[in-house]
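Values reported hereafter were calculated over all heavy atoms of this structure, with side chains retained and with hydrogens, waters and symmetry mates removed. Since the structure is predicted, the reported quantities are computational estimates derived from the model, not experimental observations.
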Amino acid sequence: MVLTRDFEETIVERVRRDPNFSKALLDEAATLFLNGEADTARLVLRDLVNATVGFEALAVETGKPAKSLHRMLSKSGNPTMDNLAVILGVVRKKLGVEIKAHAVEAG
């Protein structure tokens, strides 16, 4: 009997049952990007896309091939700012939230 679950499956289930978790993932992805941690940000955003929009629907919404979107959001991906803005916009719209950035004193 297997007692472990696939990480991605766990994320998908949590996102679908907890809207606050979805919003927290989006916030974390945006914060990571803005703080220079693009590798991790892309992976968090990839998990969020998988759990919400899905790459096929994201391809339709963005006009970009799903394979290209997968590559963009991989650890070694390098999306342009325009592509990243479009992806974040689709996810933001799906979640029904706005993204607001603000600066805070460095600790």
Side-chain angles (χ1 to χ4, degrees):
M1 179 169 166
V2 177
L3 297 177
T4 60
R5 294 176 58 174
D6 180 75
F7 174 75
E8 290 174 5
E9 183 181 313
T10 301
I11 294 294
V12 168
E13 182 181 305
R14 177 85 188 267
V15 163
R16 290 188 178 152
R17 72 176 152 78
D18 185 355
N20 289 327
F21 183 71
S22 305
K23 293 172 192 167
L25 282 178
L26 181 60
D27 182 67
E28 185 64 19
T31 300
L32 287 164
F33 271 116
L34 292 172
N35 287 321
E37 297 181 57
D39 291 351
T40 305
R42 284 190 302 274
L43 298 178
V44 171
L45 189 55
R46 180 194 63 201
D47 289 340
L48 187 56
V49 166
N50 273 324
T52 56
V53 182
F55 277 92
E56 293 303 320
L58 183 62
V60 171
E61 290 276 335
T62 62
K64 309 274 183 214
K67 269 189 160 179
S68 294
L69 294 166
H70 273 283
R71 275 193 301 275
M72 284 181 211
L73 297 181
S74 70
K75 186 168 176 76
S76 60
N78 191 18
T80 65
M81 287 301 292
D82 288 345
N83 286 332
L84 183 59
V86 170
I87 293 167
L88 285 169
V90 170
V91 173
R92 181 193 61 73
K93 186 172 111 179
K94 174 72 175 178
L95 296 178
V97 298
E98 291 185 31
I99 297 175
K100 292 184 180 181
H102 60 276
V104 296
E105 291 285 327

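- Look at Glu61 and Lys94 and you find no salt bridge, because none of the NZ, NE, NH1 or NH2 atoms lies under 4.0 Å from a carboxylate O.
- In this structure, Leu45 and Leu84 approach most closely via the heavy-atom pair CD2-CD1, 3.8 Å.
- Between Leu43 and Leu73 the shortest side-chain heavy-atom distance does not fall below 4.5 Å.
- Arg42 places a side-chain N or O within donor-acceptor distance of the main-chain N or O of Ser74, the cut-off being under 3.5 Å.
- Interatomic distance, Leu26 CG to Leu88 CG, rounded to the nearest 0.5 Å: 6.5 Å.
- Taken together through direct or relayed side-chain contacts under 4.5 Å among Ile, Leu, Val, Met, Phe, Trp and Tyr, Val12 and Leu58 form parts of separate hydrophobic clusters.
- For the atom pair Glu28 CD and Glu37 CD, the distance stands at 8.0 Å (nearest 0.5 Å).
- Taking CG of Asp6 as the reference point, atom CD1 of Ile11 lies at 10.0 Å (rounded to 0.5 Å).
- Heavy atoms only, all atoms of each residue included: Pro79 and Met72 are closest at CD-O, 3.3 Å.
- One distance of note links CG of Asp47 with CZ of Phe7; it measures 5.0 Å at 0.5 Å rounding.
- Within the 4.5 Å cutoff, no side-chain heavy atoms of Lys67 are placed close to those of Phe55.
- In this structure, CG in Leu48 is found 5.5 Å from CG in Leu95, a value given to the nearest 0.5 Å.
- Using modelled atom types, one side-chain atom of Arg92 and one backbone atom of Val97 make a donor-acceptor pair closer than 3.5 Å.
- In terms of heavy-atom proximity, Ala59 sits nearest to Ala66 at CB-N, 3.6 Å.
- When all heavy atoms of Ala51 and Arg16 are compared, the closest pair comes out as O-NE, 3.6 Å.
- Across all their heavy atoms, Leu25 and Val44 have their closest contact at O-CG1, 3.5 Å.
- One finds the OG1 atom of Thr31 at 9.0 Å from the CD1 atom of Ile99 (value rounded to the nearest 0.5 Å).
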